[in-house]
Protein chains: 2
Amino acid sequence: MRVLEHPTPEEIRLEAVLHAFADPMRLEVVRFLAEAGREVSCSEIDLAVSKSTGTHHYRVLREAGVINQVYRGTAKLNSLRHEVLNAIFPGLLDSVIAATARQRPPAPSPSQRRGE
Amino acid sequence: MRVLEHPTPEEIRLEAVLHAFADPMRLEVVRFLAEAGREVSCSEIDLAVSKSTGTHHYRVLREAGVINQVYRGTAKLNSLRHEVLNAIFPGLLDSVIAATARQRPPAPSPSQRRGE
DNA sequence: CTCGTAGTTCGACACTTATCGTAGTACGGT
DNA sequence: ACCGTACTACGATAAGTGTCGAACTACGAG
């Protein structure tokens, strides 16, 4: 069984988390995971980069402590470490998620335009 | 008179702000400005880098839209763009400031230890 | 006008990072 | 056993970043 290293809460560093956030591809992953609210395989998120680059970004997120990754069969399931991050840096993840939703209006659901 | 370029609220990009935050020196500046709550000259913040490196970090913060810089005489005064950032990315700056205070307990003022 | 203070600009450099393609591994199904 | 899918590992590379020192500019004070 393949096991993946994750930082413990004590090992999570603010700068690493912020650096993990500071990339469009990784922000897209965070935004997607937040919206999904469940475990999502790498291939479900359609990043505009090659697979090897994708692997790189997922690793950065995991090693920073932002996401959790587990293998299930051939797939690798990703989810946000929401509670852990909230405990260490209260409000940080939520404000970033809200910011991504605000700056990238991706969900074009109809009749959802309150006067901006 | 020397004038400094600042991004308008519309020009402020989330990734740029997060990237500006993702550096220990710049986080220290942000933390200092937040604690001071006033305009602070560059030389007041004692960064552990050379002056030219300091200039670089201040510029990154300003161009990302995190701080405001104005000349007064020979000094350059810095302050957080707190209201602007709060309007664009609600809670983001505050959670980062709280996180810096949490991860770097620097202010050893006496009789200020409520049970952690 | 001269001097000192505060900060800038300009290379230069080492290091990191985002990116790719190719080859490889792990697992489930047939 | 074989195949396909999902992801990884390994260079390679181009671009970005943090750092410095040395020379420079802007301003106030005397």
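Note that these values count all heavy atoms, side chains included, but never hydrogens, waters or copies made by symmetry. In this text the structure is predicted, and so the values were computed from the model without any measurement. Throughout, protein chains are lettered first and strands after them, A, B, ... in sequence-line order, and every chain is numbered starting at 1.
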Is the phosphate of [N] approached by [X] (side-chain N or O, under 4.0 Å from OP1 or OP2)?
X	N	answer
A/Ser52	C/dC20	no
B/His57	D/dT19	yes
A/His56	D/dA9	no

Check the distance between [N]'s [atom2] and [X]'s [atom1] and give it to me in whole angstrom.
X	N	atom1	atom2	answer
A/Phe21	C/dT17	CZ	P	17 Å
B/Tyr71	D/dG28	OH	P	13 Å
A/Gln69	D/dC7	CD	C1'	10 Å
B/Tyr58	C/dT9	OH	P	16 Å
B/Asp23	C/dT16	CG	C1'	13 Å

Sugar-phosphate, base or nothing in reach of A/Arg26, heavy atoms under 4.0 Å: sugar-phosphate

Sugar-phosphate, base or nothing in reach of A/Thr55, heavy atoms under 4.0 Å: base

Most 5' of A/Arg59 and A/Thr74 on DNA chain D, judged by nearest nucleotide: A/Thr74

Heavy-atom donor-acceptor pair, A/Ser50 side-chain to C/dG21 base, under 3.5 Å: no

